[in-house]
Amino acid sequence: MNRPDDPPLGTSGDAAEPLKERDFIRQIVADDVRAGRNGGRVHTRFPPEPNGYLHIGHAKSIHLNYGIAQEFGGKFNLRFDDTNPETEETEYVEAIKADVRWLGADWEDRLFYASDYFDTLYAWAVHLIENGKAYVCSLSEDEVRAYRGTVTEPGRPSPNRDRPIAESLDLFARMKAGEFPDGTYTLRARIDMAHPNMKMRDPLLYRIKHAHHHRTGDAWCIYPFYDFTHGQSDAIEGITHSICTLEFEVNRPLYDWFIENLPVPHEPHQYEFARLNLTYTIMSKRKLLRLVREGHVTGWDDPRMPTICGLRRRGYTPEAIREFNNRIGVAKADSTVDYSLLEWSIREHLNRVAPRVMAVLRPLRVVITNYPEGQVESIECLDNPEDPASGTRQVPFSREIYIERDDFREDAPAKFFRLTPGREVRLKHAYYINCDQVIKNDRGEVVELRCTYDPATRGGDSPDHRKIKGTLHWVSCAHAIDAEVRLYDHLFNRPLPEEGDGFLANLNPGSLEVLTGCKLEPSLAGAQPGDRFQFLRNAYFCVDTRDSRPGALVFNRTVTLKDTWAKIESKG
RNA sequence: UGGGGCGUCGUCAAGUGGUAAGACACAAGGUUUUGGUCCUUGCAUUCGCAGGUUCGAAUCCUGCCGCCCCAACCA
């Protein structure tokens with residue numbers, strides 16, 4: 001029934017050796033190490049822009065980069081790609097650091113910012129100008145666009161392309177000195193305006209932005225672009241394998257061009273893999289921002305969000321996210337992973353570690369008529385049958401209990417193993433009961449059940465070992481504590497939310513159902529924010545870290561248990 | 001259509017000329033004091049399509065078809 005040789009916590013998927021070359025990037029890294037490139041050194045980095053929160057797609061990159069560093073005895077840096085002061089904030093920096101740490105990636109003392117390199121980048125820009133490989137351009141934004149041509153037509157050279165070096169040098173210095181307003185000048189590389197790769201048509205290196213930077217303050221009014229920053233930052237940090245997503249593939253020739261034409265201390269190489277897509281989920285930072293700003297969710301950490309903080313609040317564990325990443329693989333084909341794999345990953349972990357407790361979400365009162373009034377028994381309950389190290393706890397049992405409304409049906413089909421008049425069921429760890437009477441209100445709704453129990457079945461087994469098909473969870477009415485329970489479902493009601501009339505039109509109106517007056521066994525009274533449980537026969541839940549209070553607990557449903565009965569029923 | 005990529009089971013994904021791994025999902029059984037877990041079994045004569053090379057091709061060649069990325073003073 002369970003696995004006696006369970007590996008210790010958090011080691012699933014960590015079969016060490018066989019994992020080493022399991023994807024094309026690790027094969028490249030392994031080849032490089034074998035060939036002694038970079039002196040056998042491996043150094044990766046995760047380079048987020050601090051303009052939003054991390055999501056599950058970023059986790060894929062973090063695990064890839066950090067995993068490779070670990071597996072090859074290398075190093076891993078966290079570097080903020082903060083070259084656009086208008087969208088970047090310290091709030092995001094702090095949130096990203098917390099998320100990366102929580103996921104388990106350790107950058108040790110190597111926390112860097114591209115803005116740390118502004119002086120070097122400036123010097124290197126001057127170097128390019130001096131070598132006739134960059135020039136200051138006076139074209140306006142619209143003109144730059146027009147001169148660039150299209151994918152099928154070559155561009156035309158900027159009228160400033162042959163500006164004398166001395167003049168560009170002077171202008172660039174004055175751009176830096178703040179003599180010109182935004183948009184009046186740019187620094188551009190002098191490559192090839194007819195290049196078939198649009199990225200190589202004299203790309204922009206610097207723009208003027210009189211904006212306050214979250215780290216450098218007002219020290220600069222010119223800022224380098226991504227392409228002029230990323231590879232050079234990798235070079236400065238000694239990054240050996242610069243791993244990014246597929247859309248940067250067209251940027252690679254430019255990445256290499258800067259490495260070749262600048263006096264860099266090291267030559268990094270870029271490799272690209274397919275970014276993660278998940279069914280029923282959107283991953284675009286811009287669109288996630290919209291969900292937050294327009295109030296479709298309560299914030300970046302709304303448990304329905306695919307953000308790391310959202311998943312954390314939902315009850316996901318770092319182990320589960322890592323296991324998920326181990327299973328989806330790394331390749332170059334665009335793909336969309338089934339959400340069910342993410343759910344499988346969290347169930348797989350929580351099944352092993354989450355204590356079982358009894359909670360009745362939609363209570364129905366049951367009076368056990370032959371149970372002595374006023375008597376209270378203490379029932380010993382197993383905390384987790386999957387974990388031999390877990391213990392037991394005492395749960396009070398009495399004459400009046402709550403059971404789940406769905407666990408009773410007056411007219412039940414043969415396959416319904418739960419409570420119905422004339423069918424005996426077991427109360428988990430307690431007694432067998434039979435339903436004798438159904439009490440209804442004026443509207444004909446069932447409001448209470450009168451049952452009798454078999455005193456010989458204490459503990460949930462009978463001397464004659466008669467077969468009992470159904471086992472129900474229960475909570476003693478007098479001892480129950482109340483709680484709010486939030487049932488989450490997919491944020492979108494389509495596997496591909498962008499289809500149809502767009503993601504906003506496909507929001508799932510039933511993505512959150514709030515239940516109040518739920519009845520919990522009293523052992524849960526001291527549950528702390530973040531604590532995870534399996535509500536027996538129902539789902540995994542965790543105590544909300546934002547809204548839960550002692551005496552007014554709030555639980556988030558992380559993921560349901562598999563529900564074979566629901567499947568049988570839906571088939572009719 | 002100028003360039004760059006990618007097309008193997010419903011979804012991911014191994015495979016690198018020797019005769020289609022694995023996982024999730026799904027289906028059928030078994031165990032079970034969670035209709036959970038666990039166990040067993042099934043699930044691509046076929047690798048976008050069409051030719052060709054070869055004793056032998058998902059792997060090599062040719063030609064098609066389809067999808068993604070690039071024309072932000074975003075990253």
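Here is how names work: the chains are called A, B, and so on, in the same order as the sequence lines, proteins then strands, and each is numbered from 1.
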Inset, instruction - Round to a whole Å and report the spacing from OH of Y147(A) to C1' of A71(B). - result: 16 Å

Legend entry - Between C1' of G5(B) and CG of L246(A), the distance in whole Å: 6 Å

Legend entry - Span that lies between the P atom of A72(B) and that of C67(B), in whole angstrom: 23 Å

Legend entry - Residue S340(A), side-chain heavy atoms: nucleotide from A13(B), C74(B), C24(B) that is nearest: C24(B)

Legend entry - Distance, P atom - from G2(B) to U19(B), rounded to whole angstrom: 41 Å

Inset, instruction - Measure the acute angle between the ring planes of Y339(A) and H490(A), then classify it against the limits of 30° and 60° as parallel, tilted or perpendicular. - result: perpendicular

Inset, instruction - Quick one: label E49(A) by what it contacts on the DNA or RNA (base, sugar-phosphate, nothing), any heavy atom closer than 4.0 Å. - result: sugar-phosphate

Legend entry - Residues touching RNA chain B, which here means a heavy atom under 4.0 Å, drawn from residues 195-205 of chain A: P196(A), M198(A), K199(A), L204(A)

Inset, instruction - May I ask you to decide whether R252(A) forms a salt bridge with E247(A), counting only side-chain N to carboxylate O separations under 4.0 Å? - result: no

Inset, instruction - Kindly point out which of A23(B), G35(B), C73(B) is positioned nearest to the side chain of I568(A)? - result: G35(B)

Inset, instruction - Kindly say if K209(A) contacts the phosphate of C74(B), meaning a side-chain N or O under 4.0 Å from OP1 or OP2. - result: yes

Inset, instruction - Starting from P on U34(B), measure out to CG on L427(A) and report it in whole angstrom. - result: 14 Å

Inset, instruction - Describe the nucleic acid contact of S335(A) in one word from base, sugar-phosphate, nothing, applying a heavy-atom distance below 4.0 Å. - result: sugar-phosphate

Legend entry - Pair partner, G7(B) [Watson-Crick or wobble, under 3.5 Å]: C65(B)

Inset, instruction - May I ask you to say what T83(A) touches in the nucleic acid, namely base, sugar-phosphate or nothing, with a heavy-atom cut-off under 4.0 Å? - result: sugar-phosphate

Inset, instruction - Identify whether the glycosidic angle of A20(B) places it syn (within 90° of 0) or anti. - result: anti

Inset, instruction - Find the partner of U54(B): check Watson-Crick (N1-N3 plus N6-O4 or O6-N4) and G-U wobble (N1-O2, O6-N3) distances, both under 3.5 Å, and reply none if neither fits. - result: none

Inset, instruction - May I ask you to say what Q534(A) touches in the nucleic acid, namely base, sugar-phosphate or nothing, with a heavy-atom cut-off under 4.0 Å? - result: base

Inset, instruction - Using the P atom on both, measure A50(B) against A28(B) and round to a whole Å. - result: 35 Å

Legend entry - Cationic N near anionic O, under 4.0 Å, E404(A) to R537(A): no

Inset, instruction - Taking atom CZ of R275(A) as the centre, report whether more than 12 heavy atoms of other residues, nucleotides or ligands fall under 6.0 Å from it. - result: no

Legend entry - Check: F225(A) ring centre within less than 6.0 Å of Y206(A) ring centre: no

Inset, instruction - Please say whether more than 12 non-hydrogen atoms of neighbouring residues, nucleotides or ligands are located less than 6.0 Å from CZ in R286(A). - result: no

Inset, instruction - Starting at atom CG of D383(A), determine the distance to atom C1' of U34(B), rounded to an integer number of angstrom. - result: 14 Å

Inset, instruction - Could you check how far CH2 of W344(A) sits from P of C12(B), rounded to whole Å? - result: 18 Å

Inset, instruction - Quote, to the nearest angstrom, the P distance that separates A21(B) from C64(B). - result: 33 Å

Legend entry - 5′-ward residue of the pair V337(A)/I468(A) relative to RNA chain B: V337(A)

Legend entry - 5' priority, RNA chain B, between V151(A) and N384(A) [closest heavy atom]: V151(A)

Legend entry - Inter-nucleotide C1' distance (C9(B), G22(B)), Å rounded: 12 Å

Legend entry - Residues E71(A) and R26(A) bridged, charged N to O under 4.0 Å: yes

Inset, instruction - Please work out if K567(A) contacts a base, only the sugar-phosphate, or nothing of the nucleic acid, heavy-atom cut-off 4.0 Å. - result: sugar-phosphate

Inset, instruction - Select base, sugar-phosphate, or nothing to describe what N251(A) touches, counting heavy atoms under 4.0 Å on all strands. - result: base

Inset, instruction - Select base, sugar-phosphate, or nothing to describe what Y185(A) touches, counting heavy atoms under 4.0 Å on all strands. - result: nothing

Inset, instruction - Kindly confirm or rule out a cation-pi arrangement of R79(A) over F112(A), judged by NZ or CZ under 6.0 Å from the six-membered ring centre and within 45° of its axis? - result: no

Inset, instruction - Using a 4.0 Å heavy-atom cut-off across all strands, classify R426(A) as base, sugar-phosphate, or nothing. - result: base

Inset, instruction - Write down the partner of A75(B) under the Watson-Crick or G-U wobble criteria, each distance required to be under 3.5 Å. - result: none

Inset, instruction - With a 3.5 angstrom cut-off on both distances, give the Watson-Crick or G-U wobble partner of G22(B), or none if there isn't one. - result: C12(B)

Inset, instruction - Please check the phosphate of G2(B) (OP1 and OP2 only) for any side-chain N or O of T150(A) closer than 4.0 Å. - result: no

Legend entry - Under 4.0 angstrom between R537(A) side-chain N/O and G35(B) OP1 or OP2: yes

Inset, instruction - Looking at every strand, decide which applies to R145(A) at a 4.0 Å heavy-atom threshold: base, sugar-phosphate, or nothing. - result: sugar-phosphate

Inset, instruction - Have a look at S345(A) and say if it touches a base, only the backbone sugar-phosphate, or nothing, with a 4.0 Å heavy-atom cut-off. - result: nothing

Legend entry - Rounded distance in Å between the P positions of G52(B) and A14(B): 31 Å

Inset, instruction - Salt-bridge test for D489(A) and R557(A): reply yes if a basic N is under 4.0 Å from a carboxylate O, no otherwise. - result: no

Inset, instruction - Have a look at N84(A) and say if it touches a base, only the backbone sugar-phosphate, or nothing, with a 4.0 Å heavy-atom cut-off. - result: sugar-phosphate

Legend entry - Atom-to-atom span, CZ of F24(A) to P of C12(B) - whole angstrom: 16 Å

Inset, instruction - Hunt down the Watson-Crick or G-U wobble partner of A27(B), both distances under 3.5 Å, from any strand shown, or write none. - result: U41(B)

Inset, instruction - May I ask you to say what L139(A) touches in the nucleic acid, namely base, sugar-phosphate or nothing, with a heavy-atom cut-off under 4.0 Å? - result: base

Legend entry - Sub-4.5 Å side-chain heavy-atom contact between Y226(A) and D81(A): yes

Legend entry - N/O (side chain, Q27(A)) to phosphate O (OP1/OP2, G15(B)) under 4.0 Å: yes

Legend entry - Donor/acceptor link under 3.5 angstrom from E386(A) side chain onto base of G36(B): yes

Inset, instruction - Choose from C73(B), C24(B), G35(B) the nucleotide whose nearest atom is closest to any side-chain atom of F225(A). - result: C73(B)

Legend entry - Rounded distance in Å - CD (E247(A)) to P (A72(B)): 16 Å

Legend entry - Out of C70(B), G35(B), G5(B), whichever nucleotide has its closest atom nearest the side chain of T564(A): G35(B)

Inset, instruction - Using the P atom as the reference point in each nucleotide, state the distance between U37(B) and A23(B) in Å, no decimals. - result: 16 Å

Legend entry - Centroid separation F416(A) to W565(A) less than 6.0 Å: yes

Inset, instruction - Give a yes or no on whether a salt bridge exists between E249(A) and K332(A), defined as a side-chain N under 4.0 angstrom from a carboxylate O. - result: yes

Inset, instruction - Go through A23(B), A14(B), A75(B) for me and flag the one nearest to the A331(A) side chain. - result: A14(B)

Inset, instruction - Have a look at L536(A) and say if it touches a base, only the backbone sugar-phosphate, or nothing, with a 4.0 Å heavy-atom cut-off. - result: base

Inset, instruction - Using only side-chain N and O atoms of R207(A), determine if any of them is under 4.0 Å from OP1 or OP2 of C74(B). - result: yes

Inset, instruction - Using the P atom as the reference point in each nucleotide, state the distance between A25(B) and C65(B) in Å, no decimals. - result: 39 Å

Inset, instruction - Check the distance between C70(B)'s C1' and Q270(A)'s CD and give it to me in whole angstrom. - result: 14 Å

Inset, instruction - Just call it for Y223(A): base, sugar-phosphate, or nothing, with non-hydrogen atoms closer than 4.0 Å on any strand. - result: nothing

Legend entry - Presence of R148(A) side-chain N/O under 4.0 Å of C73(B) phosphate oxygens OP1/OP2: yes

